Amino acid sequence: MAEKVLMKGNEAIAEAAIRAGCMHYFGYPITPQTEIAAYMAKRMPKIGGVFLQAESEIAAINMVYGVAGTGLRVMTSSSSPGVSLKGEGISYLAGSDLPALIVNVQRGGPGLGGIQPSQSDYFQATRGGGHGDYHLIVMAPASVQEMADMTAKCFDLSDKYRVPAMILADGTLGQMMEPVVLPEPTDYKPNKPWAVTGTECKRKHNIINSLYLKPEQLEQTNFERYERYKAIEENEPLWEEFMMEDAEVCVAAFGIAARVSKNAIMAARAEGIKVGMIRPITLWPFPKKPFKAAADKCKAFISVELSMGQMIEDVQLATECKRPVTLCNRTGGMIPSPEEVLEAIKKAAGGNK
Amino acid sequence: MAKVTFDADLCKGCGLCVDACPKGILQIAKDKINKKGHSPAEMTDESKCIGCAFCATMCPDCVITVER
Amino acid sequence: MAVVFQKPKSLTDAPLHYCPGCTHGIIHRLVAEAIDELQIEGKTIGVAPVGCAVMAYDYFACDMVEAAHGRAPAVATGLKRALPENIIFTYQGDGDLASIGMAETVHAATRNENITVIFVNNAIYGMTGGQMAPTSLPGQVTQTSPYGRDTATVGFPIRVSEMLATLDGPEFIQRVAVNNVKNVNAAKKAIKKAFQNQIEGKGFSLIEVVSSCPTNWGMTPKKALEWVEEKMIPYYPLGVYKDRSANKEEK
């Protein structure tokens, strides 16, 4: 056991999903996540699972909706423009309280954008992304190992709370090869009394639905769902703290940006600058607690992002704007270099004395 | 010998059964109003009914049960 | 005396919300009768559309899923792939199936997805108050074609059955109508066959039901059924457009 294998991030997600008991995958080709579909196409027929290349992202997410209604584990994956198309179906999944996994291996945008890595779907992922009052559970891996681990975790949380989950990765992580210990296979058997499986004429019919024509009823349904969101916000935030014990400057970064930032932090430490990092692992729920605590001891924050600055708003909210938060970013498929991040750290460390 | 019963409160008075009846023994009751506010269909002469169920076949609201 | 006609048991007791004389009620009943006669209620899962039949999930006694507008064939694909032993049907209108959901329809058909599709064609968007549908007739006056459907600017109606029949994939395509007793009985037979095909694993079966919309056509229920006979059926001829198994037997 615990054998390490060398895998691409995208493939690690696919294999981890199968091991978590996901036997149904629906997708549509788009760069840079195609390895997930290719892996599923190869594996699923051999193990009695279903791989189906849908006619569109919209069809794919609605196939997911169908399987999710039966209570079985199911997933789709795509990249930014494709996830926009899935937005409708994701909103219906949320509105019908269906568990499912959506993987977004982000590329630059807006529009057709580019095919290089990006983190510019942060708003879309953490605010819901489609229409209506809802959230997804969003996890941001920073290594191939986490791609695998979070896949299993997302399925578990999604089932537990009946909230769809998303892995928000990026093109770099998807394509990157690293050694990974794959999770042990689980024999997943759904126990979901609400699922549509046929009444066998023994119970009242189950209905998977997000339509409530009476506003009182819709409001009540949303209230109930937000109670679950509250529980998620209390119980499920995950983060990593790196060299935060004595930090005076706090870097906030997730995913690939956190890996770059770690190098910059080491370099800054070598120069005697007391800097650390809080890496959100769940983006929703956002780990507010460590940021709030850090606001009392750090004098400045830097949000390092592959976007025009999206997570920075959550950092400002979590620190209650007690300290300045600057942005160190590249966008459109560009990645900030450790030198650029180091420069930002130096500025933050010196600028506020 | 046939018996036709109407679940009058389900009737919306559309009249499709009236047009379908080959014996011309159905009508929309002009002097009655059901729970929904519609004038329901009714039979005028049961003795002429042949139990063909054409009325029930055309009824969109499952108002009619036919026995024969 | 024996009961020769009563409400099928795979319909719930919920009163239908459809307008007086709307033939959705007849088509619901035909679907339920087919389910009853084939004794498949316990393993059937229906998919409701967006449109007038959006609340079909309250009317059918089997398990039901409400789909996004036009996506029912994709949702049904997911259901069928997850539960191949169950019987999956969709119930969709013309806007849902032939406009916003045309891609899902065509691809489910070409995959020969083993599902049953009930397609209600009444040449108008009913739920939203009578706008032009992909199947509205040339010259037909609707809320969004107030001067009549002008084929020069908005194109021609889509004959879904004929179009799908050009594909190699689908098992069975038939167009029926519910404007009189004879046609209703024929429609019943077709719908039952579409379910029987699925039970036998034959594949995608679509029944297009030419239907009426008295409210949005601005006609009495009786007049609307006459309009089906005089205008709709000539443009949308009834018949079997594809029956792969039958053709195989002939050969």
Side-chain angles (χ1 to χ4, degrees), chain A residues 22-26 28 44 48-74 76 86-93 95-96 98 100 130-131 190 194-213, chain C residues 9-12 14 17 35-36 39-50 54-88 90 100-111 113 115:
Chain A
C22 171
M23 297 294 277
H24 294 82
Y25 171 93
F26 304 93
Y28 185 87
M44 284 299 197
V50 170
F51 162 82
L52 185 59
Q53 182 170 319
E55 58 271 27
S56 69
E57 305 287 5
I58 298 170
I61 193 71
N62 282 284
M63 291 169 186
V64 167
Y65 178 85
V67 176
T70 71
L72 294 174
R73 287 188 161 173
V74 58
T76 184
K86 289 186 198 296
E88 174 197 70
I90 294 172
S91 171
Y92 277 70
L93 285 167
S96 306
L98 293 181
H131 61 283
W194 48 262
V196 289
T197 51
T199 62
E200 292 180 34
C201 299
K202 284 177 187 157
R203 57 160 169 80
K204 199 176 170 289
H205 66 163
N206 284 341
I207 300 171
I208 303 293
N209 179 35
S210 60
L211 176 71
Y212 299 89
L213 287 176
Chain C
K9 79 177 179 47
S10 12
L11 285 181
T12 65
H17 73 277
I35 291 172
D36 280 5
Q39 297 181 316
I40 51 172
E41 183 193 331
K43 58 175 184 172
T44 296
I45 304 170
V47 185
V50 171
V54 68
M55 283 183 293
Y57 54 75
D58 280 336
Y59 306 142
F60 290 106
C62 58
D63 275 354
M64 292 294 294
V65 179
E66 165 53 33
H69 200 22
R71 316 299 174 219
V75 174
T77 297
L79 289 165
K80 189 69 185 183
R81 298 289 177 127
L83 303 171
E85 301 304 317
N86 287 61
I87 301 300
I88 314 295
T90 73
I100 197 163
M102 186 56 111
E104 284 79 359
T105 305
V106 169
H107 285 269
T110 203
R111 284 195 302 267
E113 207 66 56
I115 58 173

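In what follows, every chain begins at residue 1, and chains take the letters A, B, ... in the order their sequences are listed. Keep in mind that this is a model prediction, so the values were computed, not measured.
In this structure, chain A has no heavy atom under 4.5 Å from any part of C:A76. Using a 4.5 Å cut-off between heavy atoms, A:L213 contacts chain C through its side chain alone, with no backbone atom that close. Heavy-atom distances place the backbone of A:A195, and not its side chain, under 4.5 Å from chain C. For C:S10, no part sits under 4.5 Å from any heavy atom of chain A, backbone or side chain. With a 4.5 Å cut-off on non-hydrogen atoms, C:A61 touches chain A through its backbone but not through its side chain.
Aromatic ring orientation, A:Y65 versus A:Y92: perpendicular (interplanar angle above 60°, classes split at 30° and 60°).
Each of C:E66, C:K9, C:E41, C:K43 has some count of heavy-atom pairs under 4.5 Å with chain A, and the biggest count is that of C:E66. Per-residue counts of heavy-atom pairs under 4.5 Å with chain C were compared for A:E55, A:E200, A:E88; the largest is that of A:E55. Annotation: maximal heavy-atom pairing with chain A below 4.5 Å, among C:A108, C:A74, C:A72, occurs at C:A74. The residue among A:L72, A:L211, A:V64 with the most heavy atom pairs within less than 4.5 Å of chain C is A:L211.
For C:E113 and C:K80, the salt-bridge test fails: no basic side-chain N is under 4.0 Å from an acidic carboxylate O.
Of all non-hydrogen atoms in A:I208 and A:S96, the two that sit nearest each other are CG2-CB, 3.9 Å.
The number of heavy-atom neighbours closer than 6.0 Å to CZ of A:F51, taken from other residues, nucleotides and ligands shown, is above 12.
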Pair C:T77, C:I88 - check side-chain contact (heavy atoms from CB on, under 4.5 Å), show working. CA-CA 9 Å; C:T77 297; C:I88 314 295; over 6 Å; no
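For the residue pair C:Y59 / C:H17, a side-chain donor-acceptor distance below 3.5 Å is found, with atom types taken as modelled.
Taken from CG in A:N206 to SG in C:C62, the straight-line distance is 11.0 Å, to the nearest 0.5 Å.
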